Amino acid sequence: MANAGFAAVFRELADYLELKGENPFKIRAYRRAADTLESLSEDAAQLAREGQLKNIQGIGTAIEEKTLEIADSGTLKALEDLRAEYPPGVMDMTKVPGIGPKTASLIFRELGVAGIDQLEEAARSGKLRTLPGMGQKSEENILRAMEKLKEEDMARIPLAIADRLSASLIDFISSHTEVSEIAAAGSVRRRKETCGDVDIVLGIEDSSGIPDLIRSWSGFLGTCFSDEDRVTFTAEGDVEIDVSIVRPEEFPFALLATTGSKLHYAGLKSVARKLGLRLSGDGLFYETGKKQGAISEADIYEALGMEYIPPELREMTGEIDAALERRLPRLLVAGDILGDLHMHTNWSDGRESPESMVEAAKALGYEYIAITDHSKSLKVARGLSETKHMKQLEALGRLRDRFAGIHVLSGIELKILKDGSLDYPDSILSHFDIVVASVHSAFGQPEGVMTGRIVKAIQSGSVDIIAHPTGRVLGRRLGYDVNMDTVIQEAVRHNVALEINAYPERLDLDSTWARKAKEAGACIVINTDAHNVNELRFMSYGLDVARRAWLEQPHVINTWHLSKLQDWLKRRRMRA
DNA sequence: GCCGTTTTCGGCCCGACTGTTTTCAGTCG
């Protein structure tokens, strides 16, 4: 089992122990261990066998033994017992904002309610208010929260998870059989922030062994459907995977069709029709029935008289006309990113020292980074006091002298307080090279209040970047109620950059808002919000969003060289 | 469950907010 698999088991165990009301520190220990295992470069099972795993910070004998048990049996007895005790629907109820583990388990114990639908029924029929500690108001809040959940499809899986599954399956298939070509398609390939399922296209001469091969993959749960040109099945985490099997010469056509989006593909078909051609999943045909060959997708776009359209743009939002007129944007690539302006260290809630973060960023080839630990009021993240922050400034100064080839900006992630005022006065903030501000409390404010609060921070003149502007967390929390059009407008007016937060559970701004922000003339920054050195690699997910948003190099301030970035920061300060 | 040690158990990241109570438990960040 891969390290991510062990991590998933310990996370699930922690979730169940929370339902049971176990010691919170034990629960935290499992979650910390899961994080550690996931970012471990060595094989956890091997280390456990050698008795070395427990030497890692945060992992002791108990977790080493459990890791061995998982490696040997594929599961954990303790977890299986808990799964038998609670139906799966109980955990689902904790997705509803306002319902935590205690309430979910109370509702299950007292009312036998185990699932979102039953929960809604219980709330509507006034049963919830009969429970101790719950009244009419709780019932109304729960119903309102469920309405909001329905607006957004919370069942969709974050891209990072879909990515891991599809990469793992592709690796498995291509290392166990002779394939001509294999690739992820669908929303994974379009790099959509969340995916409904995982699509894979496989080009192969002889497909007879494929269904059996897939059944032997470690992530396989059960088959839904299988014949010679398609296998549909569920994989770990209840994710549906759809493998299309085609002959090698059909591969580019099938890949194009399966990548979609549906609307984009329909648009391509209509372009083909105007040229007297017919485009389908197995080829491009002349009216005479004669087939036009293609060895790649690029050939097909060429045959249709247009530029190659990168998968990220295939959403039918103007890309076809732009490609016909050969005016597609030059999308960002990894090499365009010259720095990362939002990350944490062990001074607040990060795991590693500023030195380690700088070293890792240097290894990524960055020209500069900003260390941005939390300000004092964010106690849960061990926010720094003013005094401590001043000490960190001195430490960063010494660090700057020690590292050649990468510039360390002193920054801060500043909490925007409930009323829109800032956690520190300007007399303190003026000491920092860069100020990243964000909302971390009072998420339930009405739209007008929340918008005014963020706008006030933008207008303060002390803030350079608004981080994760909508506050959403994928699969867990919708964004707060905020008028983003107003925020964008004010950000443009005051020359404050809006962040694309690359953390896989955030991806905030999303691509739709990022594109609107760009079109309004806003500056954008792509940051990882990394809490350890591995998370600096999340930048690629931020790039995906930026590409989907049609962003180009001039729009994104961390593609600028240091001198230009510093000029921008200086000009902002002078105006304030 | 892990850690650190002042070697064998106590501390581990805290505080605001809400809705229910009538002094607090649960949720959230």
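Values reported hereafter were calculated over all heavy atoms of this structure, with side chains retained and with hydrogens, waters and symmetry mates removed. Proteins come first, then strands; the chains are lettered A, B, ... in the order of their sequence lines, and each starts at number 1. Keep in mind that what you see is a predicted model, and the values were worked out from it rather than measured.
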[N] versus [M] - spacing of their [atom1] atoms, nearest Å:
N: B:dG26; M: B:dT20; atom1: C1'; answer: 10 Å
N: B:dT27; M: B:dT21; atom1: P; answer: 16 Å
N: B:dT23; M: B:dC13; atom1: P; answer: 32 Å
N: B:dC12; M: B:dC17; atom1: C1'; answer: 24 Å
N: B:dC2; M: B:dT8; atom1: C1'; answer: 14 Å
N: B:dT6; M: B:dG11; atom1: C1'; answer: 14 Å

Exercise. Which nucleotide, B:dT27, B:dG19, B:dC12, lies nearest any side-chain atom of A:P101?
Worked result: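 Nearest nucleotide to the side chain: B:dT27.
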
Under a plain distance cut-off of 3.5 Å, with no hydrogens placed, do [Y] and [X] share a side-chain donor-acceptor pair?
X: A:D481; Y: A:Q445; value: no
X: A:E50; Y: A:Q46; value: yes
X: A:T345; Y: A:D373; value: yes
X: A:S105; Y: A:R109; value: yes
X: A:T36; Y: A:Q57; value: no
X: A:N501; Y: A:D508; value: no
X: A:E352; Y: A:N532; value: no

Problem set entry | Contact nearer the 5' end of DNA chain B, comparing A:S138 with A:K54 |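 Its nearest nucleotide being more 5', the pick is A:K54.
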
For this session: With DNA chain B as reference, determine whether A:K137 or A:K102 sits nearer its 5' end, using the nearest nucleotide of each.
Result: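 This one resolves to A:K137.
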
Which part of the nucleic acid, if any, lies within reach of [X] when heavy atoms closer than 4.0 Å are counted: base, sugar-phosphate only, or nothing?
X: A:F25; answer: base
X: A:E140; answer: nothing
X: A:L378; answer: nothing
X: A:I142; answer: nothing
X: A:P97; answer: sugar-phosphate

In whole angstroms, how far is the [atom2] atom of [N] from the [atom1] atom of [X]?
X: A:I27; N: B:dG26; atom1: CD1; atom2: P; result: 13 Å
X: A:E413; N: B:dG29; atom1: CD; atom2: P; result: 14 Å
X: A:H531; N: B:dG29; atom1: NE2; atom2: C1'; result: 12 Å
X: A:N55; N: B:dC2; atom1: CG; atom2: P; result: 12 Å
X: A:Y30; N: B:dC2; atom1: OH; atom2: P; result: 7 Å
X: A:K95; N: B:dC28; atom1: NZ; atom2: C1'; result: 17 Å
X: A:R351; N: B:dC12; atom1: CZ; atom2: C1'; result: 16 Å
X: A:H468; N: B:dG29; atom1: NE2; atom2: C1'; result: 11 Å

Exercise. Is the shortest side-chain N to carboxylate O distance from A:E85 to A:K20 below 4.0 Å?
Worked result: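 Salt bridge between A:E85 and A:K20, a charged N being under 4.0 Å from a carboxylate O: yes.
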
For this session: Run the salt-bridge test on A:R124 and A:E120 with the 4.0 Å N-O cut-off and return the result as yes or no.
Result: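 Salt bridge flag = yes for A:E120 with A:R124.
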
Dump every N/O contact between nucleotides 4-11 of chain B and the protein below 3.5 Å, one line per pair.
none

Problem set entry | Contact under 4.0 Å: A:T103 side-chain N or O vs B:dT27 OP1/OP2 |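 Indeed, a polar side-chain atom of A:T103 lies that close.
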
Exercise. Is the shortest heavy-atom distance from the side chain of A:V435 to the side chain of A:T372 under 4.5 Å?
Worked result: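 No - every pair of side-chain heavy atoms lies 4.5 Å or more apart.
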
Exercise. Between residues 105-123 of chain A and DNA chain B, which residues have a heavy-atom gap below 4.0 Å?
Worked result: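 Residues of residues 105-123 of chain A under 4.0 Å from DNA chain B: none.
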
Can you give me the N/O atom pairs linking the protein to nucleotides 13-17 of chain B at distances under 3.5 Å, or say none if there are none?
unit_1: B:dC13; atom_1: O2; unit_2: A:V380; atom_2: O; d: 2.4
unit_1: B:dC13; atom_1: N3; unit_2: A:V380; atom_2: O; d: 3.0
unit_1: B:dC17; atom_1: OP1; unit_2: A:K418; atom_2: NZ; d: 3.2

Exercise. With distance as the sole test, does A:N3 use its side chain to make a donor-acceptor pair with the main-chain N or O of A:E38 at under 3.5 Å?
Worked result: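 No: the side chain of A:N3 does not pair with the backbone of A:E38.
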
Exercise. Is the glycosidic angle of B:dT8 within 90° of 0, making it syn, or outside that range, making it anti?
Worked result: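 In terms of base orientation relative to the sugar, B:dT8 is syn.
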
Exercise. Any idea how A:Y480 and A:F443 line up, ring-wise: parallel (<30°), tilted (30 to 60°), or perpendicular (>60°)?
Worked result: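 A:Y480 and A:F443: perpendicular rings.
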
Exercise. Parallel, tilted or perpendicular: which describes the rings of A:H531 and A:H374, with under 30° parallel and over 60° perpendicular?
Worked result: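 Tilted.
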
For this session: Kindly say whether, by distance alone, the side chain of A:N141 makes a donor-acceptor pair under 3.5 Å with the base of B:dG19?
Result: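 Side chain to base: no pair below 3.5 Å.
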
Problem set entry | Base-pairing assignment for B:dT8 (Watson-Crick or G-U wobble, both under 3.5 Å) |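 Check on B:dT8: unpaired, no WC or wobble geometry under 3.5 Å.
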
Exercise. Taking the six-membered ring for Trp, is the centroid-to-centroid distance between A:H389 and A:Y424 below 6.0 Å?
Worked result: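 Aromatic pair counts; centres sit under 6.0 Å.
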
